[in-house]
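Step one of this worksheet: look at the structure below.
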Amino acid sequence: MANLTILDWIVVIFFLTLFIFIGIRFRGKAGSSLTDFFLGGRNMPWYLAGVSMVATTFAADTPLWVTEKIAQHGISGNWLWWNMLIGGMLTTFFFARMWRRANILTELELLELRYSGPIARLLRGVKAVYLGLFLNVVIIAWVNAALISIIEVFFEVPYETAFWVVSCVMFLVLIYSSIAGLLGIAITDFAQFIIAMTGCIILAVIVLNAPEVGGVEGLKAKLPAWRLSFFPKIDGAGDALIGTFSLTTGAFLSYIFLQWWASWYPGAEPGGGGYISQRMMGAKDEKNAVYSSLFFQIAHYALRPWPWIIVGLCALVLYPDLPVEESRKGFIMVMRDYLPDGIKGLLFVGFLSAYMSTISTQLNWGSSYLTNDLYKRFIKKEGQFENEEKAQKHYVFAGRLITIFVMFMGLGVTTQITTIDSAAQFLIASGAGLGMVLILRWYWWRINAWSELVATIAPFIGLAFAKFVLPSYVPDTFYTNNGDFIFTVLFTTISWLTVTFLTSPTDGETLKRFYDRVQPGGFWRYYRGDENNNRLTPYLFVSWLSGVLMVYSILFFMGYFIFEEWTLFYTWLALAIIGFVALRWGMKKAEI
């Protein structure tokens, strides 16, 4: 590993030791109960929970993926994930308070609070295995594979060596995540995020000012204008392999009006969920839950991308012969070739930090489902213990053992990543249509456990039909207009609506208990405990839409500031101020 000097290794060892120290320091706060272990004792301030959300979604592969999209479509390629802000901000204002108010340990515990009967228990058990084990280890494998590729390129070592290095790093993550629980993970995330972003900013500044690039003016002169465009081309022929991110009108409309609410994707689930809801449920109170999610939306979409984008653009100038299919390596090559001693070690630690923050969350989050929603619910129930204290200590111990099990499963799947990757992409795409049920279960009493079960299964059938049957009967324009996604959403929606009205509703006692605890508003007239619950809804809509305007405006005015486009900078700055003022007014009226 000759690319790091003694100074670099001192930096690496220092920070890895710091992460382990934090885990040991907070071990006493995680061992007394499952609430302490998986939710940090429900006492996290908004800034800690919010930064932990951002750090968790900053994996080792994220800057590399952004680099690849820039090589294919320029800056506008980032709309593949920028569009998700709309759904994320919806979670902030409509769902964050309810997740905290539900007073549950995991997202899946909500299922038996909201639904009734054997089907609710079945749904909880199935989702515990599907999300906590199957999908979770696939995500772990992706993240492992990304760090393996970074080490392969950065240190110029074979795959086997890189795999064992990653295994050792993952073992370090296991130590502090299994000892410290969510609070220790969140505090470690805080430190890791600062290190990772500081390293990326330093890298962006250094490479932008390299003589081969020549600063902002040199970058603009050396790249075609389309690579610097912030917006996709509408009415194009479709998403070409190389060129401006091109969308037909139909595909554009599906992004803006369908994808952000209809699809399920880890870290951006409609209505919250996963490790995002875990942080909101672990916040001190409802206000801290809202502010943690709001901070996440701002940092995730507006602040974090620009260092990656700058490095990705510079990589196109520095390595013009790098094939598009290998373009993600450009980020690693810039690190290897342009960073001075010490700083190189800092950025390598930054990538390790991004990796560790994601893996620690995946281990803790997956273990929470398998422990609370499978083991505790179906295998070793609380009634089998002499007292509550013994039960809680047993479950914490089981949670730690399950965390170890999940780690080894993740490593095993990592060795098969070449065959898992396409299947995982299919699984994520097969969430089309599920999102509406995840939203409506809070607001419409008629949604039942069958609705959610069918909405979970139907996308697999609909997408398979769209991919393998419809091509013989529809023109190619069907797919360039994102027709397969739209078809899957419609198929899933019709399926769960049909099943909803063919099956019995959740029993009235369960509905009333859920409504009295969560106070969701919406269509609950038979179970209403507070006639004023819907009076805040208009102000929540104002907060949501003005929040979206504010974050997009911050994203763009920062970009135009970097590229010294002053007229556009001041235009988007003014829109950001308008969005902020409207957001403050809406939040005040919504009693946040």
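When a residue number appears, it is its place in the shown sequence, counting from 1.
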Residues which pass ring pair (Phe, Tyr, Trp, His ring centres under 6.0 Å) with Trp308, listed by chain and number, not counting sequence neighbours: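 With neighbours one apart ignored, the set is Phe58.
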If only atom types and distance count, is the side chain of [X] paired as donor or acceptor with the main-chain N or O of [Y] below 3.5 Å?
X      : Y      : answer
Ser360 : Ser357 : yes
Glu107 : Gly274 : yes
Asn136 : Gln362 : yes

Heavy atoms from other residues, nucleotides or ligands near CZ of Phe397 exceed 12 (cutoff 6.0 Å):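 Open: at most 12 neighbouring heavy atoms sit under 6.0 Å from CZ of Phe397.
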Taking the side chain as everything from C-beta on, heavy atoms only, tell me whether [X] gets closer than 4.5 Å to [Y].
X      : Y      : value
Trp99  : Trp442 : yes
Val51  : Phe296 : no
Tyr115 : Trp450 : no
Val165 : Ile148 : no

Given Phe491, Phe460, Phe487, the one that forms ring-ring contact (aromatic ring centres under 6.0 Å, His included) with Phe465: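 That would be Phe487; it is the only one of Phe491, Phe460, Phe487 passing the ring-ring contact (aromatic ring centres under 6.0 Å, His included) with Phe465.
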Pairs meeting criterion salt bridge (charged side-chain N to carboxylate O under 4.0 Å, His left out) with involvement of residues 371-381, two or more places apart: Glu112-Arg377, Arg124-Asp373, Lys376-Glu382
Plane angle bin for Phe351 and Phe331 - parallel if under 30°, tilted between 30 and 60°, otherwise perpendicular: perpendicular
